[in-house]
A.B. asks: 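Attaching a single structure in structure tokens format; questions to follow.
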Protein chains: 2
Amino acid sequence: MVDLPSKETAFIDWYLAVVEAADLSDKRYPVKGMNVWTPYGFLARRNLDRVMVREAEASGADPVEFPALIPATEFAKEKEHIQGFDAQVYWVTKGGLSELDVPLVLRPTSETAMYPIFALWVRSHRDLPLAVYQIVNTFRYETKTTRPFVRVREIHFFEEHSCQVDEERATERVRANLAAFRRMATAFALPYLAIRRPEWDKFAGAHYSVALDAPVGEARTLQLGSVHHYRENFSIPYGIRYEAADGSQRPVHQTTFGLSERLLGAIVAVHGDARGAVFPSEIAPYEVVVVPIPAAEGGEAVDRTATEIVERLRRAGRRVHLDDGEERPGAKYYRWELKGVPLRLEVGRREADGRRATAVDRLGTKGTLSLETLEAEVADRLAKFDTALREAADRRFRAAFEVAANLDELRGSKSVRLVGWCGREECGHAVEQAIDGALLGTPEEGLPFPLDPPTRCVACGATDPVRWAVAGQPL
Amino acid sequence: MVDLPSKETAFIDWYLAVVEAADLSDKRYPVKGMNVWTPYGFLARRNLDRVMVREAEASGADPVEFPALIPATEFAKEKEHIQGFDAQVYWVTKGGLSELDVPLVLRPTSETAMYPIFALWVRSHRDLPLAVYQIVNTFRYETKTTRPFVRVREIHFFEEHSCQVDEERATERVRANLAAFRRMATAFALPYLAIRRPEWDKFAGAHYSVALDAPVGEARTLQLGSVHHYRENFSIPYGIRYEAADGSQRPVHQTTFGLSERLLGAIVAVHGDARGAVFPSEIAPYEVVVVPIPAAEGGEAVDRTATEIVERLRRAGRRVHLDDGEERPGAKYYRWELKGVPLRLEVGRREADGRRATAVDRLGTKGTLSLETLEAEVADRLAKFDTALREAADRRFRAAFEVAANLDELRGSKSVRLVGWCGREECGHAVEQAIDGALLGTPEEGLPFPLDPPTRCVACGATDPVRWAVAGQPL
């Protein structure tokens with residue numbers, strides 16, 4: 001049995017213990033911050049990827065894959081971008097036994113890999129919009145403390161890149177990406193805020209950046225992903241131009257949309273509890289685990305029934321696992337709760353004889369289901385489980401925010417804070433100092449709960465213009 | 001219109017032209033041998049991966065992913081292995097602005113990444129067998145001429161690794177891998193020979209290696225993948241030991257099974273023809289393309305019918321593309337033949353009025369199908385197309401081999417050759433010199449056609465022991 005630390009009083013320790021005990025990642029690999037995706041963690045990731053692929057393709061993006069290595073010469077073309085990254089990249093300097101003429105960067109993100117090729121792909125307005133995405137690993141020479149899924153040096157990454165005819169179309173693509181993420185977040189059962197980052201915290205090279213932030217307890221927030229409007233900031237240095245209908249040559253306007261394995265970290269952090277991980281059914285490595293309970297007599301009927309259940313659910317397209325190992329049933333229940341399986345079906349002698357199973361979901365709801373209507377009842381229980389999981393997360397989400405009227409109220413804050421902000425950088429930094437965290441920015445699509453417009457800036461007291469801004473401690 | 005070189009007289013040029021014209025890969029990326037997976041090529045690759053995942057998991061392997069970077073210290077542990085690779089690896093020597101204390105190798109294959117962790121995962125005979133696989137990119141600092149899919153520097157790669165209690169179980173896993181590949185090859189419609197490589201050509205560190213070789217015209221062969229028996233060659237240096245039932249500590253026996261994007265190259269090379277690529281339906285990015293034929297009158301009925309066909313086939317799980325662009329129908333037919341789509345459905349005014357479509361498969365079989373039975377007729381036509389494709393490939397496969405009785409018959413050979421071989425290295429090299437190629441080894445699972453045992457070694461004339469061996473020119 002694993003003794004998990006308290007999620008409330010020792011959040012980080014709890015998180016690390018759950019990741020390890022649920023066997024989602026093995027961090028004993030001999031390079032710090034590069035972890036092994038175990039089979040169980042990999043299955044969860046595969047389900048995440050499936051949701052991302054589905055929503056990306058529904059919003060009109062095509063899959064591609066660009067090389068992992070970027071020549072230093074291309075990498076250097078966008079000055080602001082390289083300044084944001086050059087202290088964080090891995091350099092390949094040798095091939096075989098000799099030095100490379102041009103060193104190669106292991107992709108930290110793919111702007112500088114893709115854009116020289118986009119310049120070849122885009123010729124005319126008929127080639128636009130161009131929207132492609134890839135799911136690849138990116139690399140950052142991270143110097144801060146690394147943590148599985150949340151801050152690692154090899155990052156499983158989704159990135160969409162689009163080229164548009166003008167700024168307005170690019171703005172529309174940003175909105176389409178935000179809408180796609182809203183659909184994904186339903187599958188992940190993750191409440192979040194889309195927040196436009198302040199100027200000093202936007203992505204290197206972006207015109208503006210909208211981050212997707214989730215509160216993960218106390219004042220902590222986790223950035224799940226981001227959507228960027230690049231305007232012409234990359235297309236000019238990389239020469240991505242098109243011939244417009246009027247015959248003129250124009251640089252395209254670009255956008256990107258990035259998500260990463262942090263989503264898995266957020267799912268563990270947001271839904272997990274004192275008994276371990278809790279997975280929403282779309283992401284769960286197994287949606288259902290079937291545990292046969294050994295019987296002195298009638299053991300064959302138990303095994304037969306358990307096998308029937310597994311086979312029927314598999315045929316119905318469910319991810320289901322039969323745990324017919326030699327442990328006691330109680331030890332199995334404990335382990336599958338730790339591993340966050342949404343629904344457990346127990347089959348003992350009584351259940352086998354009565355053509356039914358005992359169903360217990362990961363939130364503790366218990367009942368009996370009849371084998372006659374197995375598939376429909378499992379679907380129904382999983383849907384109810386997902387709804388309950390989402391509602392509980394939504395309640396905690398709304399409770400995570402508190403309004404602060406002045407800088408004093410921010411000090412020692414144990415919540416994510418909503419503050420009035422005049423938009424000036426020095427007031428932003430005053431907020432950051434008071435909360436010992438970051439001014440995350442201004443909500444892009446609404447607030448976590450209904451609220452009248454703010455009346456004055458939390459720092460300088462200015463009354464106009466002033467907007468709600470969010471402040472917290474990014475994990 | 002693209003003018004393809006002749007497949008018969010200019011095979012390599014033909015291959016390169018088809019890859020480019022079918023838009024499977026973009027080789028204009030500024031690092032030689034690192035190509036861009038275009039959307040169309042990526043979709044084909046995704047279908048290949050799906051087949052590999054299905055068969056790997058059916059044979060009991062679990063998915064994992066190990067880091068791409070391997071510390072030089074781990075990489076050096078297996079001497080024979082590093083000697084086989086050290087002239088071919090990329091070295092990461094810098095992180096951010098500083099030199100790394102321990103340089104990192106970009107994985108050329110993952111033995112040295114996985115095995116230190118296997119040493120932690122395997123404790124007892126109850127942990128065995130351990131069988132995991134990953135689909136990742138590997139990197140080779142290739143100095144020969146690079147060619148899309150066939151010889152590249154960043155390689156899309158499938159690798160299974162297993163740990164077994166003893167040599168016999170490891171041999172059984174080798175056989176299970178060969179059986180899994182046999183099933184995959186049906187989906188790829190690729191005839192091949194499993195060939196045990198001679199000692200001097202086995203994988204660095206292997207006890208023995210079985211390669212999967214496909215003839216691709218004249219004497220040329222393409223290695224599609226390989227299965228290796230490692231015995232204890234890696235488990236001893238990496239300390240992968242288990243406690244046996246009798247309490248003793250024993251090193252595991254290991255196997256690996258590797259496949260790569262070369263499969264896509266082989267599919268292009270084997271099935272392609274004078275009009276371009278030809279994809280078996282399981283691998284085709286689109287199984288069906290629907291082309292509406294503009295009509296002066298009744299154009300709406302045509303569009304409505306085309307849309308109905310696309311929607312119904314999609315609902316039936318087909319990958320289908322509607323080509324409603326502005327080109328002439330003839331130009332569309334030409335392009336989708338170049339791109340190798342198995343089945344084209346044409347819908348004009350007459351078809352719309354008669355609730356039918358004209359069906360033309362990529363091998364030229366033409367007919368009419370009724371919308372009433374659309375889904376079933378499409379399934380039937382695709383199945384017949386796949387069978388015809390496989391049969392044609394099988395015929396060419398059998399015709400690709402010729403028996404040679406002596407070294408003279410090998411010189412200037414335009415076929416893959418079967419020769420009697422005594423097994424001695426010097427006779428092997430004599431064959432290689434005569435054919436200006438390689439002695440690929442001895443068939444592991446049978447010959448391409450029925451043949452009596454050979455009577456004497458093609459080189460030295462020895463009569464006993466002598467076995468059939470295969471000689472060709474690896475691409």
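Order of the sequence lines sets the chain letters (A, B, ...), proteins ahead of strands, with each chain counted from 1. Note that the coordinates shown come from a computational prediction; the quantities given were computed from them, not determined experimentally.
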A.B. asks: Mind ranking Pro103(B), Gly41(B), Ala113(B) by heavy-atom pairs under 4.5 Å with chain A and telling me who comes out on top?
C.D. replies: Ala113(B)
A.B. asks: Going by the rule ring pair (Phe, Tyr, Trp, His ring centres under 6.0 Å), which residues pair with Phe257(B) if we only count those two or more places apart in sequence or in a different chain?
C.D. replies: Phe158(B)
A.B. asks: Give the minimum heavy-atom separation between Leu259(A) and Phe157(A), together with the two atoms involved.
C.D. replies: O-CD1, 3.2 Å
A.B. asks: Quick one: what part of Ile70(B) sits under 4.5 Å from any heavy atom of chain A, side chain, backbone, both or neither?
C.D. replies: both
A.B. asks: Heavy-atom distance under 4.5 Å between the side chains of Val320(B) and Val289(B), does that happen here?
C.D. replies: no
A.B. asks: So which atom in Ala87(B) and which in Leu97(A) form the shortest heavy-atom distance, rounded to 0.1 Å?
C.D. replies: CA-CG, 4.4 Å
A.B. asks: Identify the two heavy atoms, one from Val102(B) and one from Ala72(B), that lie closest to each other, and give their separation to 0.1 Å.
C.D. replies: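 Minimum heavy-atom separation between Val102(B) and Ala72(B): CG1-N, 3.8 Å.
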A.B. asks: Give every donor-acceptor pair between chain A and chain B closer than 3.5 Å, one pair per line, or write none.
C.D. replies:
| unit_1 | atom_1 | unit_2 | atom_2 | d |
| --- | --- | --- | --- | --- |
| Asp26(A) | OD2 | Trp121(B) | NE1 | 2.8 |
| Tyr29(A) | OH | Leu69(B) | O | 2.6 |
| Trp37(A) | N | Glu65(B) | O | 2.8 |
| Trp37(A) | O | Glu65(B) | N | 3.1 |
| Arg45(A) | NH1 | Glu65(B) | OE1 | 3.1 |
| Arg45(A) | NH2 | Glu65(B) | OE1 | 2.5 |
| Arg46(A) | NH1 | Glu57(B) | OE2 | 2.9 |
| Arg46(A) | NH1 | Tyr133(B) | OH | 3.4 |
| Arg46(A) | NH2 | Glu57(B) | OE1 | 3.3 |
| Arg46(A) | NH2 | Glu57(B) | OE2 | 3.2 |
| Glu57(A) | OE1 | Arg46(B) | NH2 | 3.3 |
| Glu57(A) | OE2 | Arg46(B) | NH1 | 2.9 |
| Glu57(A) | OE2 | Arg46(B) | NH2 | 3.2 |
| Glu65(A) | N | Trp37(B) | O | 3.1 |
| Glu65(A) | O | Trp37(B) | N | 2.8 |
| Glu65(A) | OE1 | Arg45(B) | NH1 | 3.2 |
| Glu65(A) | OE1 | Arg45(B) | NH2 | 2.5 |
| Glu65(A) | OE2 | Asn137(B) | ND2 | 2.7 |
| Ala68(A) | N | Glu154(B) | OE1 | 2.9 |
| Leu69(A) | O | Tyr29(B) | OH | 2.6 |
| Val89(A) | O | Gly96(B) | N | 2.6 |
| Trp91(A) | N | Lys94(B) | O | 2.8 |
| Trp91(A) | O | Thr93(B) | N | 3.2 |
| Thr93(A) | N | Trp91(B) | O | 3.2 |
| Thr93(A) | OG1 | Thr93(B) | OG1 | 2.5 |
| Lys94(A) | O | Trp91(B) | N | 2.8 |
| Gly96(A) | N | Val89(B) | O | 2.6 |
| Trp121(A) | NE1 | Asp26(B) | OD2 | 2.8 |
| Tyr133(A) | OH | Arg46(B) | NH1 | 3.4 |
| Asn137(A) | ND2 | Glu65(B) | OE2 | 2.7 |
| Glu154(A) | OE1 | Ala68(B) | N | 2.9 |

A.B. asks: Taking Ala68(B), Pro116(B), Pro63(B), Pro30(B) one by one, which has the highest count of heavy-atom pairs under 4.5 Å against chain A?
C.D. replies: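 Looking at each of Ala68(B), Pro116(B), Pro63(B), Pro30(B) in turn, Pro63(B) comes out on top.
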A.B. asks: I'd like to know which of Gly96(B), Pro67(B), Gly95(B) tops the heavy-atom pair count under 4.5 Å against chain A.
C.D. replies: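 It is Pro67(B).
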A.B. asks: Looking at Phe234(A) and Ala204(A), what are the two nearest heavy atoms and their distance?
C.D. replies: CZ-O, 4.0 Å
A.B. asks: At a 4.5 Å cut-off on heavy atoms, which part of Leu43(A) comes close to chain B: side chain, backbone, both, or neither?
C.D. replies: side chain
A.B. asks: Taking all non-hydrogen atoms of both residues into account, name the closest pair between Pro148(A) and Leu16(A) and its distance.
C.D. replies: CD-CD2, 3.6 Å
A.B. asks: Is the closest side-chain heavy-atom distance between Leu130(B) and Phe118(B) below 4.5 Å?
C.D. replies: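 Yes, at least one pair of side-chain atoms sits under 4.5 Å.
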A.B. asks: Answer with side chain, backbone, both or neither: which region of Val152(A) has an atom nearer than 4.5 Å to a non-hydrogen atom of chain B?
C.D. replies: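 Nothing of Val152(A), per the 4.5 Å heavy-atom cut-off to chain B.
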A.B. asks: Looking at chain B, which one of Leu69(A), Val31(A), Val132(A) has the largest number of heavy-atom pairs inside 4.5 Å, strictly under?
C.D. replies: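 Top option by heavy-atom pairs under 4.5 Å: Leu69(A).
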A.B. asks: Minimum heavy-atom separation for Cys163(B) to Ile240(B), with atom names?
C.D. replies: SG-CG2, 4.3 Å
A.B. asks: Do Val64(A) and Phe42(B) make a side-chain contact, defined as non-hydrogen atoms from C-beta onward lying under 4.5 Å apart?
C.D. replies: no
A.B. asks: Measuring heavy-atom distances to chain B, does Val89(A) have an atom under 4.5 Å in its side chain, in its backbone, in both, or in neither?
C.D. replies: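 Contact with chain B is through the backbone of Val89(A) alone.
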